[in-house]
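Written below as structure tokens is the structure these notes are about.
Each chain gets a letter, A, B and so on, in the order its sequence line appears, and its residues count up from 1.
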2 protein chains.
Amino acid sequence: MKVTISDVAKKASVSKSTVSRIINGNHEQNTQETVNKVLKVIEELDYKPNALARSLKSTKTNVIGIILSKLQNQFWSSVLEGVEDTCRSYGYNLMICNSNEDGQLEEEHIRSLQMHQLDGLIINPTLKNKLLYKKLTDNKFPFILMNRKLYDQDVHMVTVDNIKGARVAIEHLIQTGRRKIAIFLYPPAEISPRLERLEGYKQALIKNGIKVNQSLIQIVGEEAGEVEEAVKRLLNSPDRPDAIFSTNNMMTLSILEGIKSQQIMVPQDLGLIGYDETVWAKHLNPPLTTVNQPSYEMGTIAAKKLIYLIEGKEDQMAEKVVSLEPNLIIRKSCGADKSY
Amino acid sequence: MKVTISDVAKKASVSKSTVSRIINGNHEQNTQETVNKVLKVIEELDYKPNALARSLKSTKTNVIGIILSKLQNQFWSSVLEGVEDTCRSYGYNLMICNSNEDGQLEEEHIRSLQMHQLDGLIINPTLKNKLLYKKLTDNKFPFILMNRKLYDQDVHMVTVDNIKGARVAIEHLIQTGRRKIAIFLYPPAEISPRLERLEGYKQALIKNGIKVNQSLIQIVGEEAGEVEEAVKRLLNSPDRPDAIFSTNNMMTLSILEGIKSQQIMVPQDLGLIGYDETVWAKHLNPPLTTVNQPSYEMGTIAAKKLIYLIEGKEDQMAEKVVSLEPNLIIRKSCGADKSY
DNA sequence: TTGAAAGCGCTAACAA
DNA sequence: TTGTTAGCGCTTTCAA
């Protein structure tokens with residue numbers, strides 16, 4: 001049997017309002033006696049306030065939502081941990097959805113989460129239907145976009161400087177003597193991390209007087225095997241590169257696979273830098289040089305931003321668009337460390 | 001401005017009950033005319049029913065909760081994906097919490113989730129306070145335990161056969177000529193996957209007439225560096241093993257680290273098998289032989305079980321305790337594949 | 001075929 | 001210091 005505030009009130013011989021005041025900590029005016037009495041009954045009955053009823057009145061649920069895709073990617077599970085930790089420390093619960101990069105699904109999730117009256121939303125947007133975010137803004141619904149930029153709307157975002165991430169990686173390759181550097185990308189479409197990494201790649205080349213060679217820009221599909229095939233093709237072409245820059249951590253594993261099948265040695269014959277630091281990067285053969293993104297911080301910052309927004313503490317909040325800094329973790333795969 | 005059922009009713013010149021019937025699909029008795037009229041207004045106003053109010057009446061939220069720890073471990077993110085996919089396909093939302101192996105925190109999460117009137121809970125239990133699960137059972141609160149067994153209570157569980165997982169791994173090592181096989185474990189306490197993996201290890205040895213050597217059973221703490229140290233110590237002791245069985249995927253990376261620092265070759269000098277298949281296992285040097293656990297299935301099964309339980313479809317549900325089968329993925333690190 | 005009204009469990013304004 | 005009451009947005013019984 002569910003125990004409600006009325007049960008507590010009855011058993012303690014007080015009114016519901018008194019109980020309500022006490023469970024909400026507004027008992028400055030109550031006798032210590034009543035407070036103790038009520039607290040005792042709450043304990044005895046193991047009374048748990050119904051958050052639904054409370055929220056219905058207060059129009060505040062203390063629940064936020066997060067819409068992600070590819071949970072299995074370590075980058076995202078790390079972001080999620082950051083969000084979860086922050087939510088807990090601020091007294092919020094978290095609802096999680098997986099959009100799977102499907103715009104339709106993303107829309108359904110947003111709708112469903114709004115029906116549950118969530119206080120706000122953190123989204124890694126699919127960008128398939130930009131009207132979605134526009135509607136949220138129009139409804140004054142608090143939300144934060146993460147990782148991918150929405151260029152033409154003035155919304156809160158937490159991103160990483162992807163131009164810099166790519167530039168630093170490519171410049172490092174150039175400094176250690178590589179000249180024919182290939183970049184591997186999933187189809188950029190309008191996805192800013194992909195576009196920006198390509199941009200950073202080009203900037204670094206141009207700045208160092210190296211001509212951008214279109215055939216070294218490899219845009220590959222996400223189906224199994226496509227990356228391996230592209231690597232093999234490229235390594236056997238006249239444009240064979242002396243280094244590869246991979247822009248995704250899963251993709252890097254496939255690239256390695258492709259390289260190995262060609263009996264090519266990393267880093268002697270080919271330098272390699274991957275995007276995203278992971279637990280396994282340093283255990284690959286050779287240990288992988290990576291561009292590290294502050295994923296956990298991205299989660300904590302997005303969550304804090306959202307909570308400030310919800311609680312009207314815009315003053316405590318950083319700029320509307322936060323851009324985090326990536327950094328290069330140098331190991332052996334890029335060839336800078338000559339101890340092989 | 002929030003639009004409520006009253007707004008719709010007013011604008012459509014019908015009563016709230018009529019609107020309610022229509023949004024819930026109970027409009028067999030309504031004129032097609034009224035239905036269309038109301039639907040049109042709902043569209044125009046972009047009306048979204050308030051799930052809080054609805055749930056307050058119906059005492060059903062269509063939200064379930066999951067309490068995990070170590071989200072960053074691929075095993076768990078894969079489980080989570082299974083749960084999420086299943087929830088979506090059955091029309092449930094998912095609240096996620098991280099217990100961080102902290103019994104106190106676990107209790108707070110359960111309490112908080114119950115306050116939110118969740119329909120049920122999936123838990124990877126810390127087992128720090130068994131009364132917690134007892135109370136859930138006493139309250140007839142639907143919940144499923146995952147991965148770790150609760151031995152002395154009759155509850156719903158989805159687990160993997162860890163005795164078998166370990167046995168298969170060890171038997172494979174024995175068959176390929178290893179005799180001095182070490183096992184690395186985090187402190188087992190009452191955690192069934194750890195206890196069972198140790199049990200499977202012993203069973204396999206005994207069955208093959210190999211004496212269990214206590215100094216080859218390495219129980220190591222979870223602090224950074226402890227595993228590496230233990231590996232180094234063991235490899236330089238008189239009891240130096242000819243194979244190592246790692247019982248955790250993170251631990252395996254540390255073991256590899258320790259091995260490398262000793263200039264020992266895997267698998268020539270030392271065979272190695274790790275627990276849990278991961279995206280990176282096949283890319284390690286040498287490619288890692290692993291015991292694969294059906295993690296995604298564990299998630300889907302746990303979620304389905306819970307939903308059946310919530311919806312009173314116990315008949316469609318498998319046994320109260322489901323045990324899944326692990327399988328060995330043979331690569332080079334164990335030494336069976338002699339192509340080195 | 002539709003509507004009126006009670007009530008889910010809680011909070012808060014107002015009254016005592 | 002405490003209680004009474006209205007109402008949050010919805011569903012559902014009962015009546016029309």
Side-chain angles (χ1 to χ4, degrees), chain A residues 1-39 41-42 45-63 111-119 139, chain B residues 1-39 41-42 45-63 111-119 139:
Chain A
M1 224 22 246
K2 281 254 134 77
V3 14
T4 74
I5 199 170
S6 302
D7 300 324
V8 176
K10 207 169 293 168
K11 182 145 184 207
S13 327
V14 296
S15 73
K16 291 192 293 172
S17 1
T18 301
V19 178
S20 173
R21 285 187 195 104
I22 291 170
I23 56 183
N24 288 299
N26 311 320
H27 48 234
E28 312 85 33
Q29 331 107 324
N30 292 292
T31 334
Q32 193 55 46
E33 201 191 333
T34 3
V35 173
N36 291 147
K37 188 171 60 180
V38 170
L39 253 25
V41 174
I42 287 178
L45 262 34
D46 190 24
Y47 166 68
K48 297 186 197 71
N50 182 328
L52 256 35
R54 183 181 281 184
S55 299
L56 185 57
K57 270 251 76 171
S58 64
T59 65
K60 175 98 168 41
T61 52
N62 271 273
V63 179
R111 196 186 158 75
S112 159
L113 293 174
Q114 284 194 294
M115 286 179 39
H116 283 282
Q117 311 299 118
L118 299 212
D119 295 338
N139 294 338
Chain B
M1 222 20 243
K2 280 254 135 75
V3 16
T4 74
I5 198 170
S6 302
D7 301 324
V8 177
K10 206 168 297 169
K11 181 143 186 209
S13 328
V14 296
S15 73
K16 293 192 291 173
S17 358
T18 300
V19 178
S20 173
R21 285 186 194 105
I22 291 170
I23 57 184
N24 288 298
N26 311 319
H27 48 232
E28 312 84 34
Q29 331 108 323
N30 293 293
T31 334
Q32 193 55 44
E33 202 191 333
T34 2
V35 174
N36 290 148
K37 186 171 57 181
V38 170
L39 252 25
V41 173
I42 288 178
L45 263 35
D46 190 23
Y47 166 67
K48 297 186 196 71
N50 181 328
L52 256 35
R54 183 182 280 184
S55 298
L56 185 58
K57 272 251 75 171
S58 64
T59 66
K60 175 97 169 38
T61 52
N62 271 275
V63 179
R111 195 186 159 73
S112 159
L113 293 175
Q114 283 194 294
M115 286 179 38
H116 282 283
Q117 311 302 114
L118 299 212
D119 295 338
N139 293 339

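- The environment of B:E33 atom CD is sparse: at most 12 non-hydrogen atoms of other residues, nucleotides or ligands sit within 6.0 angstrom.
- In summary, the side chains of B:S58 and B:S55 do not present any donor paired with an acceptor at a separation below 3.5 Å, with no hydrogens or angles considered.
- At whole-Å resolution of the value, NZ in A:K10 and P in D:dT2 are 20 Å apart.
- Across the protein-nucleic acid pair, A:R21 atom CZ and D:dT2 atom C1' stand 6 Å apart, rounded to whole Å.
- Judged purely by atom type and a 3.5 angstrom limit, B:N24 has no side-chain atom pairing as donor or acceptor with the backbone of B:N26.
- A sub-4.0 Å separation between OP1 or OP2 of D:dT2 and a side-chain N or O of A:S15 is absent.
- Note on A:T34: a side-chain N or O is less than 4.0 Å away from OP1 or OP2 of D:dT2.
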Taking N or O atoms only and anything under 3.5 Å, show me the protein contacts with nucleotides 8-10 of chain C, one pair per line.
residue: C:dG9; atom: N2; partner: A:A53; partner atom: O; Å: 3.3
residue: C:dC10; atom: OP1; partner: A:Y47; partner atom: OH; Å: 2.4
residue: C:dC10; atom: OP1; partner: A:N50; partner atom: N; Å: 3.0
residue: C:dC10; atom: OP2; partner: A:I5; partner atom: N; Å: 2.2
residue: C:dC10; atom: N4; partner: A:K16; partner atom: NZ; Å: 2.9

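- Within 4.0 Å of B:T18, counting heavy atoms only, lie sugar-phosphate atoms of the nucleic acid but no base atom.
- Between B:T31 and C:dT2, a side-chain N or O to OP1/OP2 separation shorter than 4.0 Å is present.
- With rounding to whole Å, B:N26 atom CG is found 14 Å from C:dT1 atom P.
- Under a 3.5 Å cut-off, the side chain of B:T4 and the backbone N or O of B:S6 do form a donor-acceptor pair.
- The 12-atom threshold is not exceeded at NZ of A:K10, counting heavy atoms of other residues, nucleotides or ligands nearer than 6.0 Å.
- In this structure, CD1 of B:I22 is placed 13 Å from C1' of C:dG3, rounded to the nearest angstrom.
- Side-chain polar atoms of B:S17 and B:S20 form no donor-acceptor pair below 3.5 angstrom.
- Across the protein-nucleic acid pair, B:Q29 atom CD and D:dT12 atom P stand 12 Å apart, rounded to whole Å.
- Comparing C:dT1, C:dG3, D:dG3 against the side chain of B:N30 picks out C:dT1 as the nearest.
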